[in-house]
**Student:** 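Please see the structure below; I have some questions.
Order of listing sets the numbers, starting from 1, for every ligand and every atom in it. Side chains are part of it too, since the values below use all heavy atoms of this structure and drop only hydrogens, waters and symmetry mates.
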Amino acid sequence: MAPAGDREGYWGKPTSTLDWCEENYVVSHYIAEFWNTVSNLIFILPPIYGAIQSYRDGLETRYIIAYLCVAAVGLGSWCFHMTLKYEMQLLDELPMIYSCCIFVYCLYECFKYKKTINYPLLFILIGYSIGVSIVYLNWKQPVFHQVMYGTLVAVLVLRSVYIVLWVYPWLRGLGYTSLTVFLLGFFLWNVDNIFCDKLRGLRARLPPLVSVMTQFHAWWHILTGLGSYLHILFSLYSRTLYLKYRPKVKFLFGIWPVLLVESTNKQESAKKQ
Ligand SMILES: CCCCCCCC/C=C\CCCCCCCC(=O)N[C@@H](CO)[C@H](O)/C=C/CCCCCCCCCCCCC
Ligand SMILES: [Ca+2]
Ligand SMILES: [Zn+2]
């Protein structure tokens with residue numbers, strides 16, 4: 001029987017191996033976990049903007065792919081939380097591994113000459129992605145996926161700390177903000193899982209607008225979406241600084257950070273003159 005608070009809806013019974021704390025089909029008959037679904041917009045819109053901007057600035061393809069992979073996680077996660085179907089869960093969880101591998105490649109290769117490819121690292125990361133996918137398709141244990149994803153995040157954290165301690169100390173603000181926001185999201189992800197019964201009880205007693213604030217899986221999306229975006233900015237800043245593109249962080253509408261670089265096209269034509 002479904003836990004108290006859940007309803008039945010358009011997509012039928014959940015087949016996913018995980019069903020998060022948000023009560024199913026309460027806000028809409030067509031969306032299983034409404035807040036967990038719409039909060040994915042942060043994984044979709046800013047990275048698409050980032051990919052377009054990076055393309056216009058002539059930045060390296062690996063960063064455009066990194067942005068687009070985060071957008072793919074967001075789309076997969078949207079489908080998963082909307083339907084709670086196992087196939088959609090895979091569209092959410094496997095791209096998390098792939099995008100993190102691309103982040104690792106970008107951050108570990110940011111002090112290399114342009115147009116160089118590190119084949120050994122590439123093979124390790126592709127092997128890791130394929131290995132995790134094969135094991136996870138056969139062994140449907142969410143903890144396995146969480147550990148494999150957490151390992152990649154730890155590898156990123158180590159490299160970020162190295163960069164802000166030893167290479168670009170003035171990037172501390174951006175590096176540590178991205179890390180803190182991400183870890184705060186992880187903390188709330190745990191709160192949502194551990195105190196689910198209490199949170200559900202509390203939500204039943206709170207006015208609707210306040211109870212939405214206790215959807216901590218949705219907060220995890222918002223904070224990891226922001227943390228991942230800031231992490232790409234950090235990685236891109238390190239890279240473009242190394243390539244002497246004079247990066248600058250600007251705030252769109254005074255709040256949303258974006259990276260501006262001296263266009264590579266402009267640099268090419270300056271060189272020719
Ligand atoms: C230095 C800053 C690091 C920032 C790293 C950013 C890496 C971003 C990579 C990919 C973007 C995806 C972001 C997460 C999407 C979440 C979608 C989601 O909610 N998926 C769930 C289903 O809806 C899925 O089942 C959730 C899995 C959660 C796994 C939690 C593991 C967290 C591990 C954190 C470990 C921190 C280690 C710190 C070590 C110092
Ligand atoms: Ca649920
Ligand atoms: Zn989620």
**Student:** Using 3.0 Å as the threshold, say whether any N, O or S atom from A32 sits that close to the Ca ion (ligand 2).
**Tutor:** no

**Student:** Passes salt bridge (Lys or Arg N to Asp or Glu O under 4.0 Å), K13 versus E8? Steps please.
**Tutor:** CA-CA 7 Å; K13 290 213 181 324; E8 296 214 346; 2.8 Å; yes

**Student:** In terms of residue, atom name and distance, what is the protein heavy atom nearest to atom 40 (C) of ligand 1?
**Tutor:** V157 CG1, 4.2 Å

**Student:** Near S178, which atoms of ligand 1 are under 4.0 Å from a heavy atom of that residue?
**Tutor:** 2 (C)

**Student:** In plain terms, say whether D6 and R200 are close enough for a salt bridge, that is, a side-chain N and a carboxylate O under 4.0 Å apart.
**Tutor:** yes

**Student:** Tell me which one of W20, W35, F186 satisfies ring pair (Phe, Tyr, Trp, His ring centres under 6.0 Å) with H217.
**Tutor:** W20

**Student:** Among protein heavy atoms, which lies nearest atom 32 (C) of ligand 1, and at what distance?
**Tutor:** F186 CE1, 3.4 Å

**Student:** Nearest 0.5 Å, please: how far is CG in N36 from NE2 in H81?
**Tutor:** 5.0 Å

**Student:** What do we get for L18 next to ligand 1 when only non-hydrogen atoms under 4.0 Å count, side chain, backbone, both or neither?
**Tutor:** side chain

**Student:** Counting heavy atoms only, which of Y176, F43, W20, W220 is nearest atom 15 (C) of ligand 1?
**Tutor:** F43

**Student:** Taking 3.0 Å as the cut-off, does N24 contribute an N, O or S atom near the Ca ion (ligand 2), distance below it?
**Tutor:** yes

**Student:** Can F195 and N190 be said to form a side-chain contact (heavy atoms from CB on, under 4.5 Å), step by step?
**Tutor:** CA-CA 8 Å; F195 301 106; N190 283 295; over 6 Å; no

**Student:** Identify, for atom 17 (C) of ligand 1, the protein heavy atom at the shortest distance, and state residue, atom and that distance.
**Tutor:** D92 OD1, 3.7 Å

**Student:** Does G131 offer a backbone N or O that forms a donor-acceptor pair with the side chain of Y136 under 3.5 Å?
**Tutor:** no

**Student:** Quick one: nearest non-hydrogen protein atom to atom 25 (O) of ligand 1, plus distance?
**Tutor:** E93 OE2, 2.6 Å

**Student:** Quick one: which of F182, F80, Y149 has a heavy atom closest to atom 9 (C) of ligand 1?
**Tutor:** Y149

**Student:** Yes or no on side-chain contact (heavy atoms from CB on, under 4.5 Å) for D92 and N40, after CA distance, side-chain angles and deciding distance?
**Tutor:** CA-CA 11 Å; D92 169 322; N40 281 298; 5.8 Å; no

**Student:** List the closest protein heavy-atom neighbour of atom 38 (C) of ligand 1: residue, atom name, distance to the nearest 0.1 Å.
**Tutor:** L183 CD2, 4.1 Å

**Student:** With the Zn ion (ligand 3) as the reference point, give the N/O/S atom of H217 that is nearest.
**Tutor:** NE2

**Student:** Identify the residue among W256, F234, F103, F43 that makes a ring pair (Phe, Tyr, Trp, His ring centres under 6.0 Å) with Y229.
**Tutor:** W256

**Student:** V258 vs Y49, test: side-chain contact (heavy atoms from CB on, under 4.5 Å). Steps then yes/no.
**Tutor:** CA-CA 10 Å; V258 291; Y49 171 85; 3.6 Å; yes

**Student:** Could you tell me whether a side-chain N or O of S160 sits under 3.5 Å from a main-chain N or O of G175, the two making a donor and an acceptor?
**Tutor:** no

**Student:** Of all the heavy atoms in F234, does at least one lie under 4.0 Å from an atom in ligand 1?
**Tutor:** no

**Student:** Taking the six-membered ring of Y63, is the NZ or CZ of R239 close enough (under 6.0 Å from the centre) and on axis enough (within 45°)?
**Tutor:** no

**Student:** Any chain of hydrophobic side-chain contacts (each under 4.5 Å) joining L107 to V157?
**Tutor:** yes

**Student:** Would you call K85-E87 a salt bridge at under 4.0 Å N-O?
**Tutor:** no

**Student:** Under 3.0 Å from the Ca ion (ligand 2) - does any N, O or S atom of D19 fall there?
**Tutor:** yes

**Student:** Would you say E33 reaches the Ca ion (ligand 2) with an N/O/S atom under 3.0 Å?
**Tutor:** yes

**Student:** Tell me, which protein residue and heavy-atom name are nearest atom 33 (C) of ligand 1, and how many Å apart are they?
**Tutor:** G150 CA, 3.7 Å

**Student:** Is there a polar contact between ligand 1 and H221, counting only N or O atoms under 3.5 Å apart?
**Tutor:** yes

**Student:** Quick check for you: with the Zn ion (ligand 3) as the vertex, what angle do NE2 of H221 and NE2 of H81 span, to 10°?
**Tutor:** 100°

**Student:** For ligand 1 and Q146, I'd like to know whether there is a polar contact (N/O to N/O, distance under 3.5 Å).
**Tutor:** no

**Student:** Quick one: the O of W20, the Ca ion (ligand 2), O of E22 angle, rounded to 10°, please.
**Tutor:** 90°

**Student:** Step by step, would you call Y10 with S28 a side chain to side chain donor-acceptor pair (under 3.5 Å)?
**Tutor:** CA-CA 9 Å; Y10 181 78; S28 160; over 6 Å; no

**Student:** Give the atom numbers and elements of ligand 1 that come within less than 4.0 Å of a heavy atom of W189.
**Tutor:** 28 (C)

**Student:** Compute the minimum heavy-atom distance from Q89 to ligand 1 and say whether it is under 4.0 Å.
**Tutor:** no

**Student:** Considering the heavy atoms of S99, write down every atom of ligand 1 situated less than 4.0 Å from one of them.
**Tutor:** 10 (C)

**Student:** Do any nitrogen or oxygen atoms of H81 lie less than 3.5 angstrom from nitrogen or oxygen atoms of ligand 1?
**Tutor:** yes

**Student:** Quick test: of every protein heavy atom, which one is nearest to atom 1 (C) of ligand 1, and how far off is it to 0.1 Å?
**Tutor:** S160 OG, 3.6 Å

**Student:** Under 4.0 Å between a Lys/Arg side-chain N and an Asp/Glu carboxylate O for K244 and E262?
**Tutor:** no

**Student:** Which ligand 1 atoms are under 4.0 Å away from a heavy-atom of C100?
**Tutor:** 7 (C), 9 (C)

**Student:** Whether R203 and E23 form a salt bridge (side-chain N of Lys/Arg under 4.0 Å from carboxylate O of Asp/Glu) is what I want to check.
**Tutor:** yes

**Student:** Among all protein heavy atoms, pick out the one at the shortest distance from atom 3 (C) of ligand 1; state its residue, atom name and that distance to 0.1 Å.
**Tutor:** H231 ND1, 4.2 Å

